[in-house]
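Atoms within each ligand, like the ligands themselves, are counted from 1 in listed order.
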Amino acid sequence: MGLHWDEDVVYQSQRHELYQDALEELQELNLIFSCSCSRKDLSSKPYPGTCRNGVKSNKKVHSLRVKTDNNKIIINDQLQGSYSQNLMHEVGDFIIKRADGFFAYHLVAVVDDAKQNITDVVRGIDLLDSTPKQIYLQQKLGLPTPTYLHLPVAIDSKGKKISKSLEASVINMEQPNQILFNALCFLEQAPPTEIKTYDIQTILEWAIKNWSVSLLPKKKEIVIN
Ligand SMILES: [Zn+2]
């Protein structure tokens with residue numbers, strides 16, 4: 001597609017120490033506790049705080065959670081508008097390091113974004129309800145909060161998200177310029193028809209120059225037939 005990173009590629013598997021430092025910072029703030037609940041123990045949100053005051057002695061320690069508080073976190077999403085969550089009531093204390101030893105997505109995303117001086121996050125709306133958790137971690141770790149823009153996701157006629165994890169059909173890469181053109185149409189960027197046949201670099205240059213947030217569909221989902 002002619003899309004390349006601006007800088008060297010960074011691998012999360014090589015940044016364990018950075019995530020560990022962030023975890024220790026949260027531990028010093030007395031925000032971390034061990035949790036021995038299994039998925040089976042926790043049928044619904046929010047996490048009921050079962051292990052906040054210590055795990056049951058006969059249970060093996062499973063994961064680490066961060067304590068949430070009763071403050072409302074408000075996001076001004078560049079496309080979706082205002083979105084807010086009370087973490088304590090809607091999510092509960094959430095996992096920061098999994099039982100298998102992996103750091104949770106929210107922690108690594110926050111550390112990576114800050115380390116790479118990311119100022120603008122543009123991603124699918126399926127991550128909008130995770131954003132307050134990330135902002136909470138940024139606040140606790142003294143890291144800046146980027147601006148967020150959550151795009152609608154493509155769904156099929158049955159309301160199922162079109163994604164590779166759900167075995168959507170693969171993109172035919174024979175004509176990448178057509179695919180880029182279609183993506184711009186999907187995002188209602190109104191590309192002129194003649195650029196459809198241009199090479200990918202020229203289409204990308206047009207897209208960078210003409211990208212307009214105000215043209216984006218203010219929706220959560222777009223049905224693809
Ligand atoms: Zn627990």
- Item | Q12 and D112: side chain donor to acceptor below 3.5 Å | yes

- Y83, OH: over 12 other non-hydrogen atoms inside 6.0 angstrom: yes

- So which of K67, R52, R65 actually passes side-chain hydrogen bond (donor to acceptor under 3.5 Å, both in side chains) with D93? R52

- Message: Whether D100 and R98 form a salt bridge (side-chain N of Lys/Arg under 4.0 Å from carboxylate O of Asp/Glu) is what I want to check.
- Response: yes

- Anything protein N/O/S under 2.8 Å from the Zn ion (ligand 1)? Just list residue and atom, please. C35 SG, C37 SG, Y47 OH, C51 SG

- Message: Can you see whether E24 engages Q20 through a side-chain donor-acceptor pair at a distance of less than 3.5 angstrom?
- Response: yes

- Taking atom CD of E194 as the centre, does the number of heavy atoms from other residues, nucleotides or ligands within less than 6.0 Å exceed 12? yes

